[in-house]
A.B. asks: 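Got a structure for you, questions after.
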Amino acid sequence: MNQYLLEQYKQLGISEKVIAFGEKIEADLKPRFEKIDAIAELNQLKVLNALQKNRVSAECFNQSSGYGYNDMGRDTLEAVYAETFKGEDALVRPQITCGTHALALALMSNLRPGDELLSPVGKPYDTLEEVIGIRPSKGSLAEYGITYAQVDLLPDGGFDWEGIRNVINEKTKLVTIQRSKGYATRPTLSVDRIGELVSFIKNIKPDVICMVDNCYGEFTEEKEPLEVGADMIVGSLIKNPGGGLAPIGGYICGKKECIENAAYRLTSPGLGKEVGASLGVIQSFYQGFFLAPTVTAGALKGAIFAANIYEKLGYKVVPNSTESRHDIIQAVEFENKDAMIAFCEGIQAAAPVDSYVTPEPWAMPGYDSDVIMAAGAFVQGSSIELSADGPVKEPYAVYFQGGLTWYHAKVGILMSLQKLYERNLVELD
Ligand SMILES: *Cc1c(COP(=O)(O)O)cnc(C)c1O
């Protein structure tokens, strides 16, 4: 490493020993990083083609207010999403407040009383429990007479084909498939595996709607789930597709009828997509989407770098150092409270914003133990930016994701290692 670069790392507080350890790991990852770059290149061109084909112009960045009738920027952006993700239509709005909202919207608008929702991949993301009514809540699907069935993955992470076949019935209307493992321990699903599952389900019941919770998965592979038969994909703009620039928002993309249902629910029956002012944020949606393939690639490299560093030091990492990747989340099980806290302090200390604060475990609502969170982000709560969190209890696992650039993800991970090293929690020889 050249002297000038070394000086910069040292100025941030990272020691030569930690840097040397990281450099060795990084050198071995070159071939994998090249593959990630190739995926980013393909996805960059996909987005560029979609922007050009839809004749995006400077006028698309004008802001609308009030009803937002004839908001050309909004409508064109939705066409760009649809083109890129291979859907018939899309709903991409600042009025969709987060990923959970987007998922709730897709479910509530496409299900009717008497229908049944099925998750064939085990328990969905925590926040969906109240949406579905697994944990009773006001306005849940359960309150509207929509039932829920679940088939868990097999212990080896495979699909329970027999179980799925047995549970599909005349009421089954919509199947929800979560691509990312989220904060569970099951494997993340590749787009190809999602394709197999969708084919199997459509063989049994062709008219069932297959929805994919696409959070954290966008642009990690060459294909997206609509290309393998899914009817709807749903995600958050403060994750991958917002590219770090979108300050809010969510999207739903897929079959025209599904999107129309969602639009009628988001605004009102009869109004649908015709209203919804873009309020001046639309330019950041475009630019963020344009950057998203490279931003996602940087975050993926960071996840792989972290897995390789901490696995080498003897910790259990999920996914492991060599597994293929289908989302940007990395878990590290520290089995040690001090190490877990040191890791989070390192991530915080490397942040571009709020780097001087120290994250502390706190009793967050909805959790049965203290939780520690590290994030110093330009957009509050953005998890495409470098961030880490986890419940402070056995096995002291930290979930780590994001990084708007690979270089920043790298420095964050080195800083985490520095904190462990300073406290004699690891040996680097
Ligand atoms: C983040 C996430 C959600 C929820 O998104 P929020 O924006 O936090 O509401 C849902 N599903 C998965 C798999 C996620 O990663």
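Just so you know, ligand 1 is whichever comes first in the structure, and atom 1 is the first atom listed for that ligand. Below, each value reflects all heavy atoms present in this structure, side chains not excepted, and no hydrogens, waters or symmetry copies.
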A.B. asks: For atom 13 (C) of ligand 1, grab the closest protein heavy atom and report residue, atom and distance to one decimal in Å.
C.D. replies: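 For atom 13 (C) of ligand 1, the nearest protein heavy atom is Asp213 OD2, 3.4 Å.
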A.B. asks: For ligand 1, which is the ligand I care about here, please tell me if Gly182 has any N or O atom under 3.5 Å from one of the ligand's N or O atoms.
C.D. replies: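 N/O-N/O distance under 3.5 Å: no.
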A.B. asks: Salt-bridged, Asp152 to Lys123, with N to O below 4.0 Å?
C.D. replies: no
A.B. asks: Note the single closest protein heavy atom to atom 7 (O) of ligand 1, along with its residue, its atom name and the distance in Å.
C.D. replies: Gly99 N, 2.8 Å
A.B. asks: Number the atoms of ligand 1 from 1 as they appear, then name those within less than 4.0 Å of a heavy atom of Tyr216, with their elements.
C.D. replies: 15 (O)
A.B. asks: If only atom types and distance count, is the side chain of Glu143 paired as donor or acceptor with the main-chain N or O of Gly139 below 3.5 Å?
C.D. replies: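 A pair under 3.5 Å: yes.
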A.B. asks: Give the residue, atom name and distance (to 0.1 Å) of the protein heavy atom nearest atom 4 (C) of ligand 1.
C.D. replies: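 Among all protein heavy atoms, the one nearest atom 4 (C) of ligand 1 is Thr100 OG1, 3.4 Å.
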A.B. asks: What atoms of ligand 1 come closer than 4.0 angstrom to any heavy atom of Gln178?
C.D. replies: 13 (C)
A.B. asks: Between Tyr251 and Phe85, does the ring centre distance come in under 6.0 Å?
C.D. replies: yes
A.B. asks: Taking the six-membered ring for Trp, are Phe159 and Phe200 ring centroids under 6.0 Å apart?
C.D. replies: no
A.B. asks: Taking 4.0 Å as the limit for heavy-atom contacts, which would you say applies to Leu103 with ligand 1: side chain only, backbone only, both, or neither?
C.D. replies: side chain
A.B. asks: Which residue and atom name correspond to the protein heavy atom nearest atom 2 (C) of ligand 1, and how close is it?
C.D. replies: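 Heavy-atom neighbour on the protein nearest atom 2 (C) of ligand 1: Lys239 NZ, 2.3 Å.
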A.B. asks: Side chain, backbone, both or neither: which part of His101 comes within less than 4.0 Å of ligand 1 when only heavy atoms are counted?
C.D. replies: neither
A.B. asks: Give a yes or no on whether a salt bridge exists between Lys273 and Glu78, defined as a side-chain N under 4.0 angstrom from a carboxylate O.
C.D. replies: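 Yes, charged N to carboxylate O under 4.0 Å.
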A.B. asks: Less than 6.0 angstrom separating the ring centers of Phe305 and Phe400, yes or no?
C.D. replies: no
A.B. asks: So does Thr172 get a backbone contact from the side chain of Lys205, meaning a donor-acceptor N/O pair under 3.5 Å?
C.D. replies: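 Here the side-chain-to-backbone pair exists.
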A.B. asks: Is there any N or O on Thr127 that sits under 3.5 Å from an N or O of ligand 1?
C.D. replies: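 Checking ligand 1 against Thr127, no N or O pair falls under 3.5 Å apart.
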